[in-house]
Amino acid sequence: MKQVAFVDSKILRGSDACIPVDDLGLQRAYAVFDYARMYNGRLFHIHDHIARFRRSAAGLHLELDYTDEEIIRNAMILVDELNVENAGLRLLLTGGPAHGSTLFDQPRFIMIAEQLPEYPSHVFQKGVKLMTYEFQRDLPHVKTTNYMNAFRLEPLKREKKAYDILYVWQGKVLECPRDNFFIVRGNKLITAKDNVLHGVTRKVIFELARDDFTVEERDVAVEELDVADEAFLTSTTKQTVPVVQVDDRKIGDGKVGECTRTIIMRFQDYIDSY
Ligand SMILES: Cc1ncc(COP(=O)(O)O)c(C=O)c1O
C-alpha cells in the first residue's frame, strides 16, 4: 500500500517507514490511535479527531507533545506527498521504548497518510447483515490499537456470512468493532451512550439529523432490535451503512429504510459542501 509516514518527527516513505522492535505498542499493545480522512482537500473534523486522540492518550497516561497546528501542518505534508484522491490519516501514539527509565517517558508519535479503503456499492444500496457477539471493548472510550477480538472473529463472521460483528454486552447493544450502531424507531435515532467509542461520524449525524429526528443517546436493549424500523452503522471510512439483518432477525421489513436514506443524503450534502 502506498503510504507516507511521520515517525519521531521525520517524514519516511515506503519500507523506511518503520519503528524499533522495542516499542511498547508492538511488545505490549500499549498504544492509541485515531483515523481521520480528507474531503475536498480538507481534513474532515480534524479538531474532533485530535481531541479524541488526546483523550485516548490521557486514558493510557501518554503525553502528546505536539500542538493541533503542528499535527495538522505535518499531516498536510504527508497527504500532499501521498497525492491520492481519497486519503486517510492515521494518528498513533505508542508507549515508546519498552526499556525507558520511567515508564512512558518517551511516547512515540506516528502519523500515516494512506489510501482509504473502498467499499462495494451494494453495501450502501442493499444494506448488510450483522452477527451479534457478547463482548465489550476494554476502556471503551479509548481508541486503543487493540482490535484482537475483531480479527479473531473473522473466520466465524465468514462462516455466518455476516458483513460485520455487533458487540452486545449483558443485554445491551453496543457498537461494531470499527463503527457505531444506530436503530431507528419512528422519528427517533437511538444509539448507545455508554461503553462505546464516541465516533466523530456519530456526532456529525446527531447535528445533521436534528431537524428531522429526535436523537436518543442511551442504553439500547437487545430486544429493541426486534422492534426497530431500521438500523445503520456509522464510521469515518464507511460513512453510513444500512443494516437490514442482525443474526436471524430482519430489521423492519428487511430493506433499506427511508430514514437511513435521509441520513445518507444529509451526510452526502454535508461533505459535498465541506
Ligand atoms: C470501536 C469503534 N467504534 C466506533 C467507531 C466510529 O468512529 P468514527 O466515526 O470516529 O470513525 C470506530 C472507528 O474507528 C471504532 O473503532
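The analysis underlying the following values was restricted to heavy atoms, covering all of them including side chains, and did not include hydrogens, waters or symmetry mates. Remember, it's 1-based here, ligands and their atoms both numbered in the order they're listed.
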Hey, which atoms in ligand 1 end up nearer than 4.0 Å to a heavy atom of [X]?
X	answer
K143	12 (C), 13 (C), 14 (O), 15 (C), 16 (O)
R52	7 (O), 8 (P), 10 (O)
N180	4 (C), 6 (C)
G199	7 (O), 8 (P), 9 (O), 10 (O)
T236	8 (P), 9 (O), 10 (O), 11 (O)
P177	1 (C), 2 (C), 15 (C), 16 (O)
R137	1 (C)

Verify, without hydrogens or angle tests, whether [X] (side chain) and [Y] (backbone) share a donor-acceptor contact under 3.5 angstrom.
X	Y	answer
N180	S235	no
E217	I190	no
Q27	L24	no

Which residue owns the protein heavy atom closest to atom 12 (C) of ligand 1, what's the atom, and how far is it? R178 O, 3.2 Å
So, regarding [X] and ligand 1 (criterion: nitrogen or oxygen to nitrogen or oxygen, under 3.5 Å), is there a contact or not?
X	answer
Y147	yes
E175	yes
T201	yes

Y274-H45 aromatic ring centre distance below 6.0 Å: yes
Can you tell whether the side chains of E175 and R137 come within less than 4.0 Å, N to carboxylate O? yes
Report yes or no: is the cationic atom of R108 (NZ for Lys, CZ for Arg) under 6.0 Å from the centre of the six-membered ring of Y66, at an angle within 45° of the ring normal? no
Where on D179 is there a heavy atom closer than 4.0 Å to ligand 1, on the side chain, on the backbone, on both, or on neither? backbone
Minimum heavy-atom distance V32-F53, with the two atoms named: O-CE1, 3.9 Å
Evaluate the side-chain hydrogen bond (donor to acceptor under 3.5 Å, both in side chains) criterion for residues T234 and D179: first the C-alpha distance (whole Å), next the side-chain angles of each, then the deciding distance (0.1 Å), finally the verdict. CA-CA 5 Å; T234 64; D179 314 81; over 6 Å; no
